[in-house]
Amino acid sequence: MPPASRRVSPHILREGMGVLWVAVKAEPRVFTASVLASALYAAMTVATAQVLGWATGHVVLPAFESGDTTAGVLAGAAALIMAVALLKALGVAGRRFYAGLMQYRLQASYRRSVTRQYLRLPLAWHHRHPTGQLLSNANADVEAVWAPIAPLPMAVGVVFMLLIAAVSILVTDVVVAGVGFLVFPAVALINVVYQRRLSPVATRAQQLRAEVSEVAHESFEGGLVVKTLGREAAETRRFEERANELRDANIAVGRIRGLFDPVLEALPNLGVLAVLLIGSVRLESGAMSAGDLVNVAYLFTLLSWPIRALGWVLGEVPRSVVGWDRVRVVLDATGSLPYGDGSLDGSGKPAELEVREVRFAYEAAGDGAGRRVLHDVSFAASPGRTIAIVGPTGSGKSTLTSLLVRLVDPADGSVLLDGVDLRDVARGGVAATAALVPQQTFLFDDTVRGNVALGLDVPDERVWEALRLAQAEGFVAAFADGLDALVGERGATLSGGQRQRLALARALVRRPRLLVLDDATSSVDPQVEARILEGLREAQTGGAEGGTVVVVAYRKATIALADEVVYLEHGRVTARGTHAELLDGSEGYRNLVNAYERAEAEQEAEEMAEQEAVEGGEGALT
């Protein structure tokens, strides 16, 4: 069970204070500045009561008694009030500025930490975590963690104000202070009940925020499936259910706050009424002056602010703890790919590839028991050779391609380039040497140039060269803007084959010494695919720009272009050799490639029959 789903702990306040202490340690100077500004505001708020009490006793009452006052006395009182008000305003401005600065700096810092962790963690970890959840961790959860930071300096400052006010009240009149201070035990008790009622509800609301994000992301990511299968209504209902649950949870939070906030607001005011009642009796008996009564009554009106400020912090603590748990799951995650200090500098020559007894299993999200995909896979590719990986669906072909470019590490065995284990290569070394073009291509909402170069500083001539080799030069040149043509989100303006060819050009522009194609031309016409592979073969034999090629293929014509074929079945290499050798010696291989060929022939025959029917219908009409 994930930490966020069990967060109803009675120690949530203690854990929340621990999170706030992390924030203080991360930004000690900014926090100190904000607290000092808040303390200035608190001190000036108390000073306001002192000034009002002084003005009542030395300016207002003498004026009523004598019916006269002087301009100097009025100016002095006004100047004193203005000075206190100015300092109080400076305190408010400083507190808000530094509190906001601290909050936003912490949010930015932890967003960077979370995203850096995403990049550091291996692909196997990402396989076990939904993308929507990861987006929620980096956004909503990080915001929730540091939500109490904005009111925290004020809460600390008003505690200082509370102490000053309490001392001032006690010095002024002990009896009135004792009556007024009866408010505090009642407030403390109500706050305890408040937090116990609010914590589980706020926790559930935070969980639902993440769930709503996950459902929305899945619906957007699978937009094509949703549209083609007419699932709009079902997806709308699925999102609506989660959104309604979140609405209900937020309403429940608001209902609890709406019940307790007025009570917490009213208690200090009831204390003020009690102070005025007792104070008027003591005023008549001569035990205290009118100025003292005004001073004490005003100070008690200020006590609602400390209570409110503490309530704001405490109200955000449950959500903060839930967000912290969810963020820590990411930051504490293990399983990074370790790097060595080895080099793969081959001076541009094709790489030598060797796979030694590789085993791999995908880890399960629950008890850790995984599904074995590859079993003792071994083969080698000499520099400049083309190897075709062939096998039925589920035989481990795509997993193997991920291992060849070190997206994941094998559980046992090793993958070597130029005799160096990929686990011993320095960071960035494999990416600079090998390139993978996966089955599912992804294009950014950018220009053709931006998608092909993708951050690489290369001249347009090199981009065109890669497009030419990927058989994409023709359709790109036909665009009115050429390399500056926008391809739309995920390449929406292009066909599947065009997207695959741009993805291939993206890999080729980097001139990899090992090129891995995971069924990367499945949407391309067979004739175009043959020209692409022929071009790659010519590049291999034509100099430094060529590389070793590993291609996952199923078309017989494509496989025949390879120097060697590795046939996978149930995660094991069951046959190796040339295409002709495997047709003669491996029944499974022969049945598989012939089945692909028959399927393609049947599809072509159907297309020809449809075309003939259309042409026959047009002839009849004429």
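- In this structure, Thr386 OG1 and Glu564 CD are separated by 11.0 Å, a value rounded to the nearest 0.5 Å.
- When atom types are taken as modelled, the side chain of Arg359 and the backbone of Asp412 share no donor-acceptor pair closer than 3.5 angstrom.
- By the 6.0 Å contact criterion, CG on Asp341 is open, its count of non-hydrogen atoms from other residues, nucleotides or ligands being 12 or less.
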field: Audit row: Val415, Leu353, side chain to side chain contact (heavy atoms under 4.5 Å, CB included) steps and yes/no
entry: CA-CA 8 Å; Val415 179; Leu353 172 66; 4.1 Å; yes
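- Between Ser378 and Arg356, the shortest heavy-atom contact is OG-C, 3.7 Å.
- Within the 3.5 Å criterion, the main-chain N or O of Ile389 finds no donor-acceptor partner in the side chain of Lys397.
- Within the 4.5 Å cutoff, the side chain of Val516 has no heavy atoms near those of the Val437 side chain.
- Rounded to the nearest 0.5 Å, atoms CG (Leu583) and CG (Asn594) are 6.5 Å apart.
- The shortest heavy-atom contact between Pro410 and Arg423 is O-NH1, 3.6 Å.
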task: Applying side chain to side chain contact (heavy atoms under 4.5 Å, CB included), run through Leu504 and Leu515 and close with a yes or a no.
output: CA-CA 10 Å; Leu504 177 59; Leu515 178 63; 4.3 Å; yes
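- Using a 4.0 Å cut-off between charged side-chain N and carboxylate O, Arg242 and Glu245 make a salt bridge.
- Arg462 places a side-chain N or O within 3.5 Å of a backbone atom of Val509 that can act as its donor or acceptor partner.
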field: Working for side chain to side chain contact (heavy atoms under 4.5 Å, CB included), residues Leu467 and Leu502
entry: CA-CA 7 Å; Leu467 292 171; Leu502 285 186; 3.6 Å; yes
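- Side-chain atoms of Arg576 never come within 3.5 Å of backbone atoms of Val566 as a donor-acceptor pair (strictly under, hydrogens ignored).
- Checked by atom type and distance alone, the side chain of Gln117 pairs as donor or acceptor with a backbone atom of Leu331 at under 3.5 Å.
- Looking only at distances, a side-chain donor or acceptor of Arg513 sits under 3.5 Å from a matching main-chain atom of Lys349.
- Counting only heavy atoms from C-beta outward, the side chains of Tyr589 and Glu569 never approach each other to under 4.5 Å.
- The line from CD1 of Ile559 to CG of Leu592 is 7.5 Å long, rounded to the nearest 0.5 Å.
- Counting only heavy atoms from C-beta outward, the side chains of Glu352 and Asp418 approach each other to under 4.5 Å.
- With values rounded to the nearest 0.5 angstrom, Leu454 atom CG is found 5.5 Å from Arg510 atom CZ.
- With sequence neighbours excluded, no residue forms a salt bridge (Lys or Arg N to Asp or Glu O under 4.0 Å) with Arg506.
- The minimum heavy-atom distance between Val377 and Gly571, with the atom names listed, is CG2-O, 3.5 Å.
- Side-chain atoms of Thr548 come within 3.5 Å of backbone atoms of Gly384 as a donor-acceptor pair (strictly under, hydrogens ignored).
- Between Glu235 and Arg238, at least one side-chain N (NZ, or NE/NH1/NH2) sits under 4.0 Å from a carboxylate O, which counts as a salt bridge.
- Note on residues 476-486: pairs passing side-chain hydrogen bond (donor to acceptor under 3.5 Å, both in side chains), not counting sequence neighbours, are Arg449-Asp484.
- The structure places CG of Asp518 at 9.0 Å from OG1 of Thr399, a figure rounded to the nearest 0.5 Å.
- Interatomic distance, Leu403 CG to Asp409 CG, rounded to the nearest 0.5 Å: 8.0 Å.
- At distances below 3.5 Å, not a single donor-acceptor pair connects side-chain atoms of Thr433 with backbone N or O atoms of Val430.
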- request: For side chain to side chain contact (heavy atoms under 4.5 Å, CB included), just list the numbers for Val448 and Phe479, CA-CA rounded to whole Å, side-chain angles, deciding distance to a tenth of an Å, and then say yes or no.
  value: CA-CA 10 Å; Val448 172; Phe479 292 151; 4.2 Å; yes
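- Within the 4.5 Å cutoff, the side chain of Pro392 has heavy atoms near those of the Tyr567 side chain.
- Heavy-atom minimum distance, Leu416 versus Gly419: CD2-O, 3.4 Å.
- Ion pair Arg111/Glu143 flagged as a salt bridge, since at least one NZ, NE, NH1 or NH2 atom sits closer than 4.0 Å to an Asp/Glu carboxylate oxygen.
- The nearest pair of heavy atoms linking Val327 to Asn137 is CG2-O, 3.8 Å.
- Nearest heavy atom pair, residue Ala426 against residue Tyr339, reads C-CD2, 4.0 Å.
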